[in-house]
K.L.:
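Take this structure, written in structure tokens, and hold onto it; I'll ask about it next.
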Amino acid sequence: MNEIIKVEHLSKKFGDHEVLKDINFSVKSGNVTCIIGSSGSGKSTLLRCINLLETATSGEILYKNENVLTSKKISSYRAKVGMVFQGFNLFENMNVLQNCKIGLTKVLKEDKEQAEKESLYFLEKVGMLPYINAKPRQLSGGQKQRVAIARALAMKPDVLLFDEPTSALDPQMIGEVLKVIKELAQEGFTMIIVTHEMAFARDVSNYVIYMKDGVICEEGSPEEIFNNPKREETMEFLHRFTNL
Amino acid sequence: MNTLPQDFFGRIVFIIQKYGFTLIEGAGTTLIIALIGTIVGCLIGFVVGVIQTIPISKKDNIFKRIFVRLIKIVLDIYVEVFRGTPMMVQAMFIFYGSAIMFNIRMDMWTAAYFIVSINTGAYMAETVRGGILSIPEGQTEGAMAIGMTHFQTMLYVIIPQALRNIMPQIGNNLIINIKDTCVLSSIGVVELFFVTKTVSGAYYTVFEAYSITMIIYLIMTVFFSKLLRLFEKKLNGPEDYSLSTTDTLAYTSGMLKYPDKEVHHE
């Protein structure tokens, strides 16, 4: 399988503080990569660098063998790499349907009718079809996140990035959002997921990256990472979760 | 009848009968200058406020950075000068001063609209900037993440929300303008205050004439403050929404097909 995203020697500094140090990894098309690690380990920053919401200090991010850090077509790259945020970031001034439609009509320049049909399709996929007239503030967290997923899907991205999609939700809502993501994984969507849900990461991913203090500490298949971690730090980290 | 009654209400009635139409005309002038000034001022404010919030990144080319910086500096000076000097002084300076110094002969009405608009613009620029900054960063990120440009993000996501947040301030500006147009009497604009001065002088009925004028100002300001409240409510949109289907099981049953083409993922 071809590598759709390849990160090479990526580093990111906030002033003197080096948040990411020489990160190297690649994502194969159709694979689900989960990034785990404790808070402050640089997981989210890495994801935000991939979507260019943060500017990497050095290194390369190759998307289909093109370095996006020097590319001029930032907007069209972002349209191809969808992002789902911890805080949902739905447009508060639009209802559910408009949230999905706006990217299709304004960025992809689709005509309104086609955009509406596609939006409805994806909203149904995430189980939010009955709520198309609701404003974001009228929805629960889980519902908002499902709309956010539909909004990202509607753009027909090549890769979907999830930045702790369930961290702001209660256990029941976590379930409904993870269910949607699992279905996408089964359909073969390429995804990079930053998560604290270990059981979910084990079930859904083809590849797991454990990050600690801004570096990739250990990476491998979910069996390798969760069943026989080689590094002591990984064991310690996972131990805390299984002991809960 | 041309003799002045001796009691307060008698005099009020007398003034209204004799000068009512003139006063209404003056109020109309006040209102139209205030309204147009506020609307044009808001447009100026939006343009300036949006330009002030254009991000400059190190990745942009040097000419673009210098150009944007330069415009920002010019706009900063504009805001500081017009916010920092009294409107009455500006009126004298622009209408009489420029005529003498630069031989620019602006007619009185142009000058009036210009002064109120440019003043409101200076205040609104800061208000709009504040309104834009008050929208959480996440909204911008959400828009950027689906590939919107800075301009699109502003137009479709940020400004509609900022507009709602600054509506009270727009209302404030309109009310201030209704009152402050009275300084334009200094350049000879016959608005409500100018008319009142004339009316009160004619029969020396200062208290009565100004009582009427106070009430007229109050009616105008209260009317517009209530009207804008209503408009705010409308901007908030309806509180409830109806589910598009009452069948709660429907949304798990795969009723919809992806239009035209298959869902493609590589």
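The sequence lines fix the lettering, A, B, ..., with proteins before strands; numbering per chain opens at 1.
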K.L.:
Return the minimal non-hydrogen interatomic distance between B:Gln139 and A:Glu92, and the atom names on each side.
P.N.:
OE1-N, 3.3 Å

K.L.:
Which heavy atom of A:Asn93 sits nearest a heavy atom of B:Pro160, and at what distance?
P.N.:
ND2-CB, 3.3 Å

K.L.:
Please indicate whether B:Phe231 has more than 12 foreign heavy atoms, meaning atoms of other residues, nucleotides or ligands, lying under 6.0 Å from its CZ.
P.N.:
no

K.L.:
Under 4.5 Å, heavy atom to heavy atom: which of residues 162-175 of chain B reach chain A? Give them by number, or say none.
P.N.:
none

K.L.:
Find out whether B:Met144 and A:Met83 are in side-chain contact, i.e. whether some heavy atom of one side chain is under 4.5 Å from a heavy atom of the other.
P.N.:
no

K.L.:
Are the side chains of B:Ile146 and A:Ile102 in contact, using a 4.5 Å heavy-atom criterion?
P.N.:
yes

K.L.:
Is chain A contacted by the side chain of B:Gln152, its backbone, both, or neither, given a heavy-atom distance below 4.5 Å?
P.N.:
side chain

K.L.:
Taking side chain as everything from C-beta outward and backbone as N, CA, C, O, which of these in A:Val81 sits under 4.5 Å from a heavy atom of chain B? Side chain, backbone, both or neither.
P.N.:
backbone

K.L.:
Check A:Ser75 against B:Thr149 and note the closest heavy-atom contact, atom names and distance.
P.N.:
OG-CG2, 3.8 Å

K.L.:
Working to the nearest 0.5 angstrom, can you tell me the gap between A:Phe91 CZ and B:Thr153 OG1?
P.N.:
7.5 Å

K.L.:
Around atom CD1 of B:Ile32, are there more than 12 heavy atoms from other residues, nucleotides or ligands closer than 6.0 Å?
P.N.:
no

K.L.:
Who among A:Leu153, A:Val107, A:Leu123 has the most heavy-atom pairs with chain B under 4.5 Å?
P.N.:
A:Val107

K.L.:
What heavy-atom pair brings B:Glu141 and A:Phe85 nearest, and what distance separates the two atoms?
P.N.:
O-CZ, 3.7 Å

K.L.:
If you look at every heavy atom in B:Tyr156 and A:Met94, which pair is closest and at what distance?
P.N.:
O-CE, 3.3 Å

